[in-house]
Amino acid sequence: MFDRARFLRHFSRSPLAVSSAAILLVFLVAAVCAPLFAPHDPYDLTSLQLTDRLKPPMWMPGGSDSFPLGTDDQGRGILSAILYGMRASFLIGAGAVFLAFCVGAALGLVAGFFGGRLDALIGRVADVMLSFPAFLLALLLLGIARQRGAIPVILAIAATFWVRYCRVMRGNVLRESKKEYIEAAKVMGASHMRIIFRHLLPNSVATLFVVAAVDLGMVIVLEATLSFLGVGLPLTSPSLGMLIASGYQYLYASIWWPVFFPALVLAILVLAINLLGDWLRRELNPRMY
Amino acid sequence: MLRYVCKRLSQGFFVLAGVSFFCFLIFQYMGDPVLALVGMDATPAQIADTTQRLGLDRPWYEQYLAFIANVSRGDFGISYLTKTPALPLVLKRVPATMELAVMAMLVATGLGGCIGVLAAVRPHWRVSRALMLFSLAGISLPTFLIAILCIYLFCIVLGWLPPFGRGEVIRIGFWDTGLFTNDGWRHIVLPMTTLGLFQLSMSARVLRGEMMEVMLEDYIRTARAKGLSIGAVVWRHALKNALIPFVTIAGLQLGQLIAFSIVTETVFQWPGMGALLIASIGQNDQPVVVTYIMLVAVLFVLINLCVDILYFFLNPKISYV
C-alpha cells in the first residue's frame, strides 16, 4: 500500500523531482497571482496602445521600464501576457484532466461492475477513439464547433482523454471484484450503490492519479498546439500557444522577444511537468494499461 | 485469417458509418449552408430554390441517405469559398501530405531505430546516454516549438534552408512530387525532420526496450558462446525478434504523422491537406472540413487494418478467433 514517509524520503533524495516540483510551484504561484504580479491587464483592451507595439525588453535600447520583457504586435506587455497565458494553461489543463478523470472513471466503473452489453459498448467506443490520435479528434471537434474559448477547449480535450481512465478503472474494478470482501459485501446484501461507492471506488482509484499526472503535461502541450493553430483560445485572451503563433512571424524581422519568452516558459513548464510525472510513474509503478 | 480480416473490415465499416453520420450532422445543421452558398443579399426565391436543391426540406433520414449516396459518388458538396467541388480541392493536396508523412516516417523509424539499437547494445556509453536524453526532449516539447526553433536556426541565422513552401515540383501522372528536384529536397528536409522527431524519440525508446529484453534471452548467449561476433548477434538474431512490436508501432505512427502534419504544414506553409484544413476551419468552409474528416477516417481505418494483418503474419503465436 501507499507509504507516505517512504514516498517523501524518495522525493527529497531525487534532485530532479525536487527541482521540477519547485519550478512548477513557482509557475503555479505566478499564474494564480497573475493579477498581483503582472504590470498590466492584457484582458483590458482599452489600456492597449498601438504606439507601444513591438517594444524591446527593458535592458535593450528603446525598451521601457513598464514592459520588462517588451511588447507584442498588439502592444501587450509580454510579461503580463505570459503570466495570464500560464493561467490559461493551468486552468485548461486541470479542468480537462479533471473532467476526463471523472467521466472515464465513471464509465470504467460501470463497465467493470455491470459487464455485459454495456461493457462491450463502452469498450468498442474506446477502441474507436484510441484508433485516432487525441490531437486530431480535439482539433476536429473544435474546428466543427466553431466556438472559441476555455470551455470548448476543455470539453474537446476531455472528450478525447477519458479513454485511458476508463481502461485503467475497468481493469482495477475487475481485479477488485474478484476479491473476497466484495463477495462478503454482496452476501451481506449491500446495494450496488454501496458496493460501488464504499468498496470498489476507493480501492480502484489510486492508479488513476498517476495517469492524471502524466496527462497534465500532454494536455498543456495540446492546448498550446490548438491555440497555436488558431482553434483554441481566441486572440483576445492570451495563451502561450497563441502568443507564440502571433510572435513567430516577427522572427524574420529579427524581433525575437515576442516568441522567445513565451516559448521558453512553455518549454520549461512542459519539461518540468513531464520529468515530475515520469518520476512519479517510476516511483509508484502502477500497471498503466 | 480470412474471417479475421472480414471481421476487421466490418468493424471499419461501422466506424466509417459513424463518422459519416457525424459529418452529415455538421454538414446539414451547423451554420447555414444555404446562406453560405447564395450570399447575404439573396432573394427569398433564390433561398427557397437552393434549399430545395440541397434537399434541406426533406426529413433527416432521407437527407442522410442522399448524403451517403452523394459521398459514395465522390460528391462532398461545393466549397463555400472557391465555389468548386470540395473533393478535388482536398485530393490535390494529398501528395504533399503523404510525401511529408512518409519521409518523416523514414526519419523516425530508420534513425530512431538505429539510436534505439545503439542505446540497447551500449547502454552506458556517453553518446547513447546523450541521445536518449535528447529523445526525452523530443517527446516532451511541442512540435511547433521545435519547428520554430529549426526555422530560426537553419533559415534565419544560418540561412542554409528555405523556411516555407514546397519548392519546385514535378508532375508524374496525378502525383506532384518534390523528391526529384534539388529544390524540393531543400524544402522538405526541415519539415520532415521536425515532424519525425517526436516519433523518432518514440521509436528509439520502444526499440531500446525491446532490444534490451531480447538481449537477455538464452539463445543470444548461445549465439555469443558459439563464437559469433557481437555485430552478427545484434543484427541477425536480436534485432529480428525485437522488430515485431516495432513494426506495429511504426505502422500506427503513419497515422500519427498524418495527424501531426497539420501542425508542421501550418508552420512551414507546406501546401498539404493539413494546411488546407486549418485554412478551411478559419474560413468556416464546412464542405472542405467534412471532406478532410471523411478522407482521414478512411485512411486511418485502412492503416489500422494493414497493421493488424501485418502483425498476424509477423507473429504466428497469436491466433485470432
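Below, chains carry the letters A, B, ... as their sequence lines are ordered, and counting in each starts from 1.
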Between [options], which shows the greatest number of heavy-atom pairs under 4.5 Å with chain A?
options                        : value
B/V289, B/I148, B/L141         : B/I148
B/I293, B/V301, B/L149         : B/I293
B/I303, B/I278, B/T266, B/V296 : B/I278
B/F14, B/F300, B/F144          : B/F144

Practice prompt. Let me know if A/L229 has heavy atoms under 4.5 Å from chain B in its side chain, its backbone, both or neither.
Written response: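 Contact with chain B is through both the backbone and side chain of A/L229.
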Worksheet entry | Heavy-atom contact with chain B under 4.5 Å, split by part of A/L275 |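 It is the side chain, since no backbone atom gets that close.
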Select one option (side chain, backbone, both, neither) describing which atoms of [X] are under 4.5 Å from chain A's heavy atoms.
X      : value
B/L277 : side chain
B/V15  : side chain
B/I151 : side chain

Item to complete: For the pair B/W160 and B/F154, name the ring-plane relationship: parallel under 30°, tilted 30 to 60°, perpendicular over 60°.
Response: tilted
Discussion item. Less than 6.0 angstrom separating the ring centers of A/F11 and A/W279, yes or no?
Written reply: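 A/F11 vs A/W279: aromatic centres under 6.0 Å.
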Worksheet entry | For chain B, the option from A/G230, A/A224, A/G217 that forms the most heavy-atom pairs under 4.5 Å | A/A224
Response to the item:
Counting heavy-atom pairs under 4.5 Å with chain B, the top scorer among A/L140, A/V221, A/V270, A/V128 is A/L140
Could you tell me whether the side chain of [X] and the main chain of [Y] form a donor-acceptor pair under 3.5 Å?
X      : Y      : value
A/Y248 : B/V267 : yes
A/S239 : A/S227 : no
B/W270 : B/T264 : no

Worksheet item: With a 4.5 Å limit on heavy-atom distance, are the side chains of B/T82 and B/D285 in contact?
Response: no
Fill in: Gap between atom CG of A/L276 and atom CG of A/L271 - 0.5 Å precision
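Interatomic distance, A/L271 CG to A/L276 CG, rounded to 0.5 Å: 12.5 Å.
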Discussion item. I'd like to know whether B/E265 forms a side chain to side chain contact (heavy atoms under 4.5 Å, CB included) with B/L276, so could you lay out the CA-CA distance, the side-chain angles of the two residues, the decisive distance to 0.1 Å, and finally the verdict.
Written reply: CA-CA 9 Å; B/E265 285 176 12; B/L276 180 70; over 6 Å; no
